[in-house]
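Within every chain, numbering begins at 1; the chains are lettered A, B, ... in the order of the sequence lines, protein sequences first and strands thereafter.
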Amino acid sequence: MKIQSVRGMNDVLPADSSAWQHVHAVAAQVFAAYGYGELRLPVVERTELFKRAVGEVTDVVEKEMYSFEDRGGERLSLRPELTAGVIRAGIEHGILFNQQQRIWCTGPVFRYERPQAGRYRQFHQLDVEAFGIATPDADVEIIAIAAQLWKRLGMSGFQLQINTLGTLPSRAAHRAALIDYLLQHEAALDEDAKRRLHTNPLRVLDSKVPATQAIVEGAPSLLDYLDEPSIAHFDAVKAGLEALGIAYVINPRLVRGLDYYTHTVFEWVTDQLGAQGTVCAGGRYDGLVEQLGGPKTTGVGFGLGIERLILLMAVQQVPVVSNQPQVYICRFGAEAERVALRLSETLRDQLPGLRLVLNAGGGSLKSQLKRADGCGARLALIIGDDEAAAGAVQVKSLRGEGEAFTCSLTELAAELSRRLAL
RNA sequence: GUGGGCGUAGCUCAGUUGGUUAGAGCUCUGGAUUGUGAUUCCAGAGGUCGUGGGUUCGAGUCCCAUCGUCCACCCCA
């Protein structure tokens, strides 16, 4: 019986991993460019953490968490998102108290959902968070980081949608008015909307059912219930984005699935990924640190789905830094094989950036050259006993970059360095 | 969790109303005289037809279950 991978949990094969390496390298560079430090976290946390952070009545916690008891009877869960763990660690190590912290984090997260394109049970996020900055410039900075990441990856076609949920008093006033309005039209609502009317009325605004959408059109808008501080904060965020030339649209129905957001919420969406169009989403969560037992500390950040990003990179045919071999050594004859073996290590010592494959497993020169071509190398180095005796190798271009020529072993490193721009 | 499509060689797929040793292209391996790739020609390797049951004289082909996958809903990154 063949053992298969777990549903919704995918392998990334060597042919595809260069895209992942590229994303990680570019992201790490971008985050560092803004002064963010990487935090590395365990994949498992106490279940209670996510119940308190994400919200006990959210879908994520209610039906999508991988929860279990360990052998000591602890209630644990595979993390369904990164922010909760970042805050837990921040509180635990005392790095959130009375100071600014810029943090990023990445790794696998787990949600028990029905898989489809761009949605998996184990997927990977990049998370960026700024703590201890209450002013809207932090919101702008977080959004700008994502924009900078798109720029450096060479991606386009995103729409930035923003909205504000306002302060807690604003939200409460709007919520009351919204429930009132929806109750008047309850008969025309679909079943989901009726159910959410009391548990999470904001989510009704996001409904895709046409009949419900029609009712939602006339629903009281949160924007009309915002208090002065809420409006000032949102205006400042918009002004910041405009100063940076970052285009956005205001989507008054944009609400987040996780309970902890206040003030600014945003999503970077694309229409090139089918139903899973949100690649990056985030917002401000000023009450969350306190809610998790930490000092009163503001926060703002985003989560980005790496699988969706990589899917979109493929759609947009974004070039990725290659990790294919550059040079392949063909060798035959007992003495030449020994010379080539030593040569390969010498070259790696001399040119640390060189990606070099030494032929192994024998084979005719013809088949060795086929392997050289197949692996994507630009150059083949050919060493038979003739070359070995002469202390030289034949350098052959596999990509139509000039004729083959003989090069002495002493000059080889310099020659490769020049040709490959190492 | 709901509804639907699909699972045949490493990959992309064909397999006619159920009927003998299951096919193609690409990839891979070897060869077309002695040491030169990606083009051409020849040959070869590779599949318990996702898995388990059932119907039948006989199942890749029909039925059931199960696992996986894809799409939409739901939810979200």
Roughly how many Å apart are [M] and [N], using the [atom1] atom of each and rounding to a whole number?
N      : M      : atom1 : result
C26(B) : U39(B) : C1'   : 15 Å
C70(B) : U29(B) : C1'   : 34 Å
C41(B) : A24(B) : P     : 16 Å
C49(B) : G53(B) : P     : 12 Å
U20(B) : G3(B)  : C1'   : 42 Å
C57(B) : G18(B) : C1'   : 12 Å
G58(B) : G44(B) : P     : 35 Å
G60(B) : A43(B) : P     : 29 Å

Per-pair stack call Phe332(A) and G35(B), 5.5 Å, 30° |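 Ring-base stacking flag not set for Phe332(A) and G35(B).
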Measure [atom1]/[X] against [atom2]/[N] and give the value in whole Å, please.
X         : N      : atom1 : atom2 : result
Gln272(A) : A77(B) : CD    : P     : 20 Å
Gln368(A) : G35(B) : CD    : P     : 12 Å
Arg79(A)  : A77(B) : CZ    : C1'   : 14 Å
Leu149(A) : A77(B) : CG    : P     : 17 Å

Taking only residues at least two apart or on different chains, which pairs with a member in residues 121-139 of chain A satisfy salt bridge (Lys or Arg N to Asp or Glu O under 4.0 Å)?
->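 Those involving residues 121-139 of chain A are Asp139(A)-Arg284(A).
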Going by the angle between their ring planes, with limits at 30° and 60°, are Phe158(A) and Trp268(A) parallel, tilted or perpendicular?
->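 The arrangement is perpendicular - the two ring planes meet at more than 60°.
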Please state whether the rings of His185(A) and Tyr181(A) are parallel, tilted or perpendicular, taking 30° and 60° as the class boundaries.
->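 Ring orientation of His185(A) relative to Tyr181(A): tilted.
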With a 4.0 Å limit, can you tell me whether [X] has a side-chain N or O closer than that to the phosphate oxygens OP1/OP2 of [N]?
X         : N      : value
Gln116(A) : A72(B) : yes
Lys366(A) : G37(B) : yes
Arg114(A) : G1(B)  : no

Please work out if [X] contacts a base, only the sugar-phosphate, or nothing of the nucleic acid, heavy-atom cut-off 4.0 Å.
X         : result
Gly333(A) : nothing
Lys396(A) : base
Cys330(A) : nothing
Glu62(A)  : nothing
Ala281(A) : sugar-phosphate
Tyr112(A) : nothing

Contact list for residues 373-386 of chain A, test side-chain hydrogen bond (donor to acceptor under 3.5 Å, both in side chains), sequence neighbours left out |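 Non-adjacent pairs meeting side-chain hydrogen bond (donor to acceptor under 3.5 Å, both in side chains): Asp373(A)-Arg399(A), Arg378(A)-Glu401(A).
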What residues, two or more places apart in sequence or in another chain, satisfy ring-ring contact (aromatic ring centres under 6.0 Å, His included) together with Phe332(A)?
->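 Expected list: none.
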With sequence neighbours excluded, what pairs up with Phe68(A) under the ring-ring contact (aromatic ring centres under 6.0 Å, His included) test?
->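 In terms of ring-ring contact (aromatic ring centres under 6.0 Å, His included), with neighbours along the sequence ignored, Phe68(A) is linked to no residue.
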Less than 3.5 Å between a donor and an acceptor, one on the side chain of Arg119(A) and one on the base of C70(B), is that the case here?
->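 No such pair is found, so the answer is no.
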Looking at C76(B), does its base get a donor-acceptor pair with the side chain of Arg308(A) below 3.5 Å?
->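 Flag set: donor-acceptor pair detected.
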Report the C-alpha distance between Lys51(A) and Glu48(A) in whole Å, list the side-chain angles of each, state the deciding distance to 0.1 Å, and finish with yes or no for salt bridge (charged side-chain N to carboxylate O under 4.0 Å, His left out).
-> CA-CA 5 Å; Lys51(A) 286 189 175 174; Glu48(A) 183 61 21; 5.2 Å; no
Dot-bracket line, read 5' to 3' along RNA chain B, where crossing pairs take [ ] and | marks a partner on another strand, Watson-Crick or G-U under 3.5 Å = (((((((..((((.....[...)))).(((((.......))))).....(((((..]....))))))))))))....
Output all residues satisfying side chain to side chain donor-acceptor pair (under 3.5 Å) with Ser408(A), sequence neighbours left out; order by chain, then residue number.
->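 With sequence neighbours excluded, Ser408(A) shows a side chain to side chain donor-acceptor pair (under 3.5 Å) to Thr410(A), given in chain and number order.
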